2 protein chains.
Amino acid sequence: MGDVFKALADPTRRHILDELAERDDQTLFEICARLAAKHQFTSSRQAVSQHLDLLEAAGLVRTRREGRYKFHTLDTRPLAQIAQRWLRDKPQENP
Amino acid sequence: MGDVFKALADPTRRHILDELAERDDQTLFEICARLAAKHQFTSSRQAVSQHLDLLEAAGLVRTRREGRYKFHTLDTRPLAQIAQRWLRDKPQENP
DNA sequence: TTGATAGGCAAGTGATTACTTGCCTATAGT
DNA sequence: ACTATAGGCAAGTAATCACTTGCCTATCAA
């Protein structure tokens, strides 16, 4: 469960989640290409692959094999609870 | 802004936030004592102090000086948005 | 003023982490 | 069969991070 927090700690992984939030079922190479295009992030294939493994271990990404393609999909369920943990009934004043 | 995610990545810091969510305006020593009591966490004073600095830099903790005491208070405002980032309109099916 | 309490600063250490490098497997097109 | 494409595995490197260690300042009580 703490894996979700660790997974979100890295900016590259957050960009990957952004990418998957925009479009589901992307392959590793698609994600790499889009990361390089949108951000100036020149992350290598292996780096992104390891990030995806970590995101999958945290339950934030689900994968599906199809031939030589592996599609990655965002799973937002683990995100729902994490912020609620410290949000108390006591409302906070606005800035 | 990414500091919030990094701040939440460490389990000790999450325990500190738990502690401050239960009771506001705690000093460094109070937090240390409560961490040691509730969890088996034997974190040193300096370790907790550095965690509090990091939490304050992330905007999750606000401090107030009073004589030789420094009181720490939880600020939940940065937490409100972080999970929303990837929560799309597209609803996800239940497990 | 002396001693105790609350906290701060900064260099150093050990572990974790992000990323690279090199090579290997499998599927698909020709 | 041959080649290109999509991806995997594992060891090594460099940077980050959590924590320690040692000493210092400030406030308060006696």
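Sequence lines set the chain letters: A, B, ... in the order given, protein chains first and strands last, and positions in each chain run from 1. Bear in mind the structure is a predicted one, so any value in this text is a computation, not a measurement.
In this model, a donor atom of one side chain and an acceptor atom of the other lie less than 3.5 Å apart for Asp25(B) and Thr73(B).
For DNA chain C, the residues of residues 55-68 of chain A within the heavy-atom distance limit of 4.0 Å (strictly under) are Gly67(A), Arg68(A), sorted by number.
The main-chain N or O of Lys6(B) is found under 3.5 Å from a side-chain atom of Arg13(B) such that the two form a donor-acceptor pair. Checked by atom type and distance alone, the side chain of Arg62(B) never pairs as donor or acceptor with a backbone atom of Leu74(B) at under 3.5 Å.
Rounding to the nearest 0.5 angstrom, the gap separating the CD atom in Glu30(B) from the CG atom in Leu20(B) is 10.0 Å.
Here dT16(D) presents its C1' atom at 13 Å from CZ of Arg13(A), a figure rounded to the nearest Å. In this structure, Leu28(B) places its CG atom 18 Å from P of dA26(D), rounding to the nearest Å. Atom CG in Leu52(B) sits roughly 14 Å away from atom C1' in dC19(D) (whole-Å rounding). Distance, Gln50(A) CD to dT13(D) C1': 13 Å, rounded to whole Å. The nearest whole Å value for the distance from the CD1 atom in Ile16(B) to the P atom in dA18(D) is 11 Å. In this structure, CZ of Arg45(B) is placed 12 Å from C1' of dT20(D), rounded to the nearest angstrom. At whole-Å resolution of the value, CG in Leu8(B) and P in dC17(D) are 14 Å apart.
In terms of phosphate contacts, His51(B) brings a side-chain nitrogen or oxygen within less than 4.0 Å of OP1 or OP2 of dC19(D).
Grouped with Tyr69(B) in one hydrophobic cluster are Phe71(B), the linkage being side-chain heavy-atom contacts under 4.5 Å among Ile, Leu, Val, Met, Phe, Trp and Tyr residues.
Ranked by how close their nearest DNA chain D nucleotide is to the 5' end, Asp53(A) and Tyr69(A) are led by Tyr69(A).
Tested against Leu60(A) for a side-chain contact (heavy atoms from CB on, under 4.5 Å), the candidates Leu52(A), Asp3(A), Ile16(A), Leu79(A) yield a single pass: Leu79(A).
The closest side-chain heavy-atom distance from Lys70(B) to Arg64(B) is not below 4.5 Å.
By the neighbour-count criterion of 12 heavy atoms within 6.0 Å, atom CZ of Arg85(A) is densely surrounded, having more than that number from other residues, nucleotides or ligands.
Chain A approaches DNA chain C within less than 4.0 angstrom (heavy atoms of the protein), and the contacting nucleotides run 5' to 3' from dT17(C) to dA28(C).
Taking a cutoff of 4.0 Å between a charged side-chain nitrogen and a carboxylate oxygen, Lys38(B) and Glu22(B) qualify as a salt bridge.
Ser49(A) comes within contact range of the sugar-phosphate backbone alone, with a heavy-atom separation under 4.0 Å but no base atom that close.
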